[in-house]
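In what follows, a structure is listed as structure tokens, so that the remarks can point back to it.
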Amino acid sequence: MQAVLPRNGAAHRPGLVVNGQACALPAHGAAPATLLHVLRNDLCLNGPKFGCGLGQCGACTVLVDGVAARACVIPADGVAGRDITTLEGLPARRGMAAGAGAALHPVQQAFVDAQAAQCGYCLNGMVMMTVALLERTPDPDEATIRRELSGNLCRCGTHVEIMRAVLRAAVLMREAQP
């Protein structure tokens, strides 16, 4: 496994496992960097978005050991050694090859199929929350989906399409089971 080095040349400490790759944890001085800052600014992973900075909108959602978590409020050094998955790492999480032309994760494909994106800003959080939900509950009902996604803000009003996408994703994930 090849180590991914941050682009800014800062001093590094051992640390993160992001999308299956060991990554050095950059030193950011006295103030601890958030996981979101490291992912976006040091590792150039732009799936997670900066939204509110308070962990309330869901745009920055990633999976930490398979559990949905808000990267904007997690100190990066607090997740050292844990398995972090971003939107970019979803295909590999399902055992699919990464890179150009790689197949989409079933949840990503379902969001495309349902045309569940308008501006796309909430999309990262919606997709990541859906992955976490479907890994725990493979056949959720609409009430469960609404409850699980209620912490993710979508200002464009694609809620109907997002619901369709989650239901479609559940079907695709069940069909993909060996």
Side-chain angles (χ1 to χ4, degrees), residues 1-94 96-100 102 104-105 107-108 111-112 116-136 148-156 158 162 165-166:
M1 186 176 308
Q2 181 180 9
V4 176
L5 298 177
R7 65 178 172 183
N8 66 3
H12 302 89
R13 302 183 308 264
L16 301 176
V17 178
V18 179
N19 299 331
Q21 293 192 345
C23 303
L25 186 59
H28 286 104
T34 65
L35 178 58
L36 180 62
H37 179 88
V38 170
L39 293 173
R40 289 185 61 83
N41 297 350
D42 297 314
L43 300 178
C44 301
L45 296 170
N46 293 318
K49 305 287 185 241
F50 183 86
C52 65
L54 302 170
Q56 296 178 359
C57 74
C60 66
T61 302
V62 297
L63 302 179
V64 177
D65 295 334
V67 177
R70 306 301 168 99
C72 72
V73 293
I74 297 173
D77 57 1
V79 291
R82 296 178 67 190
D83 182 30
I84 300 160
T85 304
T86 67
L87 189 68
E88 295 88 347
L90 286 180
R93 187 176 174 82
R94 295 285 294 182
M96 301 171 197
L104 295 174
H105 184 281
V107 172
Q108 291 170 308
F111 272 72
V112 170
Q118 192 159 351
C119 83
Y121 211 79
C122 73
L123 203 55
N124 173 77
M126 295 292 188
V127 168
M128 299 307 286
M129 289 297 293
T130 299
V131 169
L133 166 63
L134 295 179
E135 287 182 358
R136 281 189 332 272
E148 290 293 315
L149 297 182
S150 67
N152 289 66
L153 302 180
C154 172
R155 298 182 192 273
C156 297
T158 60
I162 290 169
V166 176

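This one's a predicted model, so the numbers in the text were calculated from it and none came from an experiment.
Shown here for V38 and A33, the closest heavy-atom pair between the two residues is CG2-CB, 4.0 Å. Of all non-hydrogen atoms in C57 and G51, the two that sit nearest each other are SG-CA, 3.7 Å. Looking at every heavy atom in both residues, L25 comes nearest to A76 through CD1-CB, 3.7 Å.
No side-chain heavy atom of N19 sits under 4.5 Å from any side-chain heavy atom of I84. Counting heavy atoms from C-beta on, the side chains of Q108 and L90 come closer than 4.5 Å. In this structure, the side chains of T34 and I74 stay at 4.5 Å or more apart for every pair of heavy atoms. In this structure, F111 and L104 have side chains that are not in contact, with every pair of non-hydrogen atoms separated by 4.5 Å or more. Residues L43 and C23 are in side-chain contact: their nearest non-hydrogen atoms beyond the backbone lie under 4.5 Å apart.
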Donor-acceptor list for residues 123-133 side chains, cut-off 3.5 Å, not counting sequence neighbours:
residue: N124; atom: ND2; partner: A59; partner atom: O; Å: 2.9
residue: N124; atom: ND2; partner: T61; partner atom: O; Å: 3.0
residue: T130; atom: OG1; partner: M126; partner atom: O; Å: 2.7

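Atom OG1 in T86 sits 4.5 Å away from atom CG in L45 (nearest 0.5 Å). How far CD of E148 is from CG of L134: 9.5 Å, rounded to the nearest 0.5 Å. Separation of atoms CD (E135) and CG (L63) is listed at 6.5 Å; rounding is to 0.5 Å. Distance check: L39 CG to C72 SG gives 11.5 Å after rounding to the nearest 0.5 Å. One distance of note links SG of C44 with CD of E88; it measures 10.0 Å at 0.5 Å rounding. To the nearest 0.5 Å, the span separating CD1 on I162 from CD on Q118 amounts to 10.0 Å.
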**OP:** Applying side chain to side chain contact (heavy atoms under 4.5 Å, CB included), run through T85 and V62 and close with a yes or a no.
**Re:** CA-CA 6 Å; T85 304; V62 297; over 6 Å; no
**OP:** Output, in order, the C-alpha distance, side-chain angles, deciding distance and verdict of side chain to side chain contact (heavy atoms under 4.5 Å, CB included) for R40 and L36.
**Re:** CA-CA 6 Å; R40 289 185 61 83; L36 180 62; 3.6 Å; yes
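Put simply, the side chain of Y121 gets close to the backbone of F50: a donor and an acceptor are under 3.5 Å apart.
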